[in-house]
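Here the structure comes first, spelled out in structure tokens, and everything after it is commentary.
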Amino acid sequence: MRVMGSTFAPQFWEQVDSRFDRFAIGLSSLCLVHCLASTILLTLVSAAGSLLHPAIHEVGLALAILFGVIALGRGILRHGYMMPAAVGGFGLGMMAGALSLPHGEQEIMWTIVGVAVLALGHDLNRRATY
């Protein structure tokens, strides 16, 4: 589905390019590494320390939302397709929902799935732009 574009686009959005999508995919990869490393560390050591601190997850989600709004929002204005933003938003929702779960297998699984879906949204956005 295409959004009917208007002739008005803030100058900020014109300056944003696919680097935000590539950076956001990299950030998603770091999140995935963090989840897997925390799981392995928790398995090996009963107290994983600061890797499981809730603030890390909250800051990470805030960064993911920020880059999602910038990169996926730019994509909507640039190419007019809503699907990449919808896929990315769904992934962000899964990541946010995982924060409400207690630490354990369910939280890790939903976070990893959410990160993968968000990265897919950024990849779709990047492909639709070029």
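These numbers come from the heavy atoms of this one structure, side chains and all, not from hydrogens, waters or symmetry mates.
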Distance in Å, [X] [atom1] paired with [Y] [atom2], rounded so as to fall on 0.5 Å steps:
X	Y	atom1	atom2	answer
Met82	Leu72	CE	CG	10.5 Å
Phe67	Ser28	CZ	OG	10.5 Å
Met83	Leu124	CE	CG	8.5 Å

Those residues at least two apart in sequence (or on a different chain) that pass side chain to side chain contact (heavy atoms under 4.5 Å, CB included) with Ile65 are Leu61, Val69, Leu92

Residues passing the side chain to side chain contact (heavy atoms under 4.5 Å, CB included) test with Thr111, sequence neighbours excluded, are Cys31, Cys35, Ala98, Glu107, Val115

Testing the basics here: between [X] and [Y], what is the closest heavy-atom pair and its distance to 0.1 Å?
X	Y	result
Gly68	His122	CA-CE1, 3.9 Å
Gly88	Leu118	O-CD1, 3.5 Å
Gly114	Met95	C-CG, 3.8 Å

Are [X] and [Y] connected in the hydrophobic side-chain network, where two residues link if heavy atoms are under 4.5 Å apart?
X	Y	answer
Leu101	Val117	yes
Leu30	Phe23	no
Ile25	Leu63	no

Between Arg78 and Asn125, is there a side-chain heavy-atom distance shorter than 4.5 Å?
no

- Would you say Pro84 and Arg127 make side-chain contact, with heavy atoms under 4.5 Å? no

